[in-house]
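Report on the structure given below.
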Protein chains: 2
Amino acid sequence: MNAATALSKGAATRELILARALEIADAKGIDALTIGTLADAAGMSKSGVFAHFGSREELQLAVLDAAARGFTDEVFVPAVRERRGLPRLRAILQGWKRRTLRYGESRACPIGAAAIEFDDRPGPIRDRVLGHLIHLRKEIARAVAMAVEQGHVRADIDPDQIAFEVHGLVLAFQFELKLFGIERAVLRVEAAISRMLDALALARPEPVSD
Amino acid sequence: MNAATALSKGAATRELILARALEIADAKGIDALTIGTLADAAGMSKSGVFAHFGSREELQLAVLDAAARGFTDEVFVPAVRERRGLPRLRAILQGWKRRTLRYGESRACPIGAAAIEFDDRPGPIRDRVLGHLIHLRKEIARAVAMAVEQGHVRADIDPDQIAFEVHGLVLAFQFELKLFGIERAVLRVEAAISRMLDALALARPEPVSD
DNA sequence: AAATAAAACGCACGGTCGTGCTATTATGCA
DNA sequence: TGCATAATAGCACGACCGTGCGTTTTATTT
């Protein structure tokens with residue numbers, strides 16, 4: 001056995017289970033992820049699956065973390081190959097758009113969905129979800145701040161405010177996908193993104209009165 | 001019995017049940033609205049509640065419609081007292097913000113939540129939710145179009161695009177409430193709203209190059 | 001007031017859920 | 001190869017779900 005697969009049997013099937021769990025959570029949402037369904041999908045017994053996590057909640061937390069890792073790998077990791085500043089910010093937005101599109105017209109990002117499903121249920125899951133979302137927002141704000149440092153963007157803008165509005169754009173994009181289909185949603189989000197990036201790069205909102 | 005309460009016993013308790021159901025759906029989401037819980041909240045038996053709707057799905061549809069009526073009453077109805085154009089658009093946004101705030105930091109608009117919970121479950125509920133959302137978006141776009149007609153807003157903007165972005169703003173607002181609390185969320189959304197309304201009213205994005 | 005209709009209840013059924021407990025099988029090390 | 005240990009299966013429990021049915025209570029009409 002080589003180094004990459006140097007896993008004990010238990011750890012290996014745990015990964016297999018987690019992969020199936022991620023598929024289910026992607027497709028049906030995190031609280032449609034039941035132990036029985038997951039056991040069927042993994043070709044195991046309920047108690048076999050259960051033993052790997054100890055509780056349903058622990059399973060859900062593991063899936064949440066896996067989803068967050070997937071987001072990082074798919075959106076942030078490729079983006080850091082771009083130059084700091086606007087190019088990298090643009091890459092993040094493109095990656096995010098691409099990932100959102102992969103969910104299609106009738107599914108949602110599992111973390112965003114979990115944030116809404118659990119917003120009224122205090123506990124570890126809600127905390128974990130909010131933690132991931134806060135991290136996401138910070139990364140966006142960081143990319144904007146870098147763009148300011150690089151002189152790509154006006155110095156008087158607030159990176160956190162832009163992160164807020166970018167987040168809203170992606171959320172609206174998800175809804176537009178469901179409401180009016182892919183083509184229209186892509187047009188809208190790209191119009192909004194370029195409008196926003198233009199506004200960031202412009203000299204001042206009212207150059208005449210300067 | 002006077003005219004306002006001229007309801008048969010059945011219709012009256014149906015309204016009572018619906019009111020309790022709306023409370024539950026507001027607080028816990030539409031699929032935490034179970035017949036047993038609702039029966040307890042209404043002080044009735046499960047079968048008593050059940051008989052009024054014939055199925056759980058029919059109950060959920062009724063609650064969805066009630067929530068949409070509530071939104072209209074709370075947001076659109078007061079807004080039509082304002083003058084057409086920007087004042088009315090502003091009133092809609094304020095009303096929407098106020099309503100969103102009422103849900104606080106740890107609950108979501110039941111229709112928006114249902115849109116996400118049911119995005120992967122085709123059927124009458126999903127259709128109804130999307131119908132309400134499309135209606136909402138059309139109303140926003142209509143208000144923007146009126147503002148164009150009144151000359152309050154540049155003629156080259158697309159009302160549907162603005163409706164898209166406004167929707168995103170409110171969604172981001174809801175998340176901001178959960179992530180960072182009320183004060184910060186209010187500051188952000190008001191900054192974003194006034195920035196957007198300013199952009200609508202301004203002459204052109206690049207007046208110097210004209 | 002009696003008769004008819006509507007409304008609500010009590011109860012049970014079949015289903016799924018998460019979770020323990022015990023037995024069995026497979027794995028990895030001496 | 002044999003043995004300790006980890007991994008999985010089997011099974012049952014209690015809770016909750018939606019839903020149907022027969023009965024009983026409450027409203028409405030004659």
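Every value quoted in this text rests on a predicted model; they were computed, and no experiment measured them. So you know, we letter chains A, B, ... as the sequences are listed, proteins then strands, and number each from 1.
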request  = Could you give me the CA-CA distance, side-chain angles and deciding distance for Phe71(B) and His132(B), then say whether side-chain contact (heavy atoms from CB on, under 4.5 Å) is met?
outcome  = CA-CA 10 Å; Phe71(B) 187 95; His132(B) 285 311; over 6 Å; no
request  = Could you check whether Ala51(A) gets within reach of a base, just the sugar-phosphate, or nothing at all, counting any heavy atom under 4.0 Å?
outcome  = base
request  = Answer yes or no: is there a donor N or O on one side and an acceptor on the other, between the side chain of His152(A) and the main chain of Leu86(A), under 3.5 Å?
outcome  = yes
ask   = Do Glu165(A) side-chain atoms and Leu169(B) backbone N/O form a donor-acceptor pair below 3.5 Å?
value = no
Without decimals, in angstroms, what is the distance between [X] [atom1] and [N] [atom2]?
X        : N       : atom1 : atom2 : result
Leu59(A) : dC17(C) : CG    : C1'   : 14 Å
Met44(A) : dA6(D)  : CE    : C1'   : 13 Å
Leu38(A) : dT8(D)  : CG    : C1'   : 14 Å
Arg14(B) : dA6(C)  : CZ    : C1'   : 15 Å
His52(A) : dA9(D)  : NE2   : P     : 9 Å

inquiry  = Could you check whether Phe173(A) and Phe164(B) have their ring centres less than 6.0 Å apart?
reply    = no
ask   = How many angstroms lie between atom CZ of Arg126(A) and atom CG of Leu64(A), to the nearest 0.5 angstrom?
value = 13.0 Å
request  = Find the distance between NZ (Lys28(A)) and CG (Asp119(B)) and round it off to the nearest 0.5 Å.
outcome  = 10.5 Å
note = Going 5' to 3' through nucleotides 15-21 of chain D and flagging B where a protein heavy-atom sits under 4.0 Å of the base, S where only the sugar-phosphate is that close, and - otherwise, we get --SBBB-
Cationic N near anionic O, under 4.0 Å, Glu82(B) to Arg90(B) = no
query = Between Arg128(A) and Asp65(A), does at least one N-O distance fall below 4.0 Å, as a salt bridge requires?
reply = yes
inquiry  = Given a 3.5 Å cut-off on both pairing distances, which stems involving DNA chain C, each at least three consecutive Watson-Crick or G-U pairs, are present, if any?
reply    = C:1-26 with D:5-30
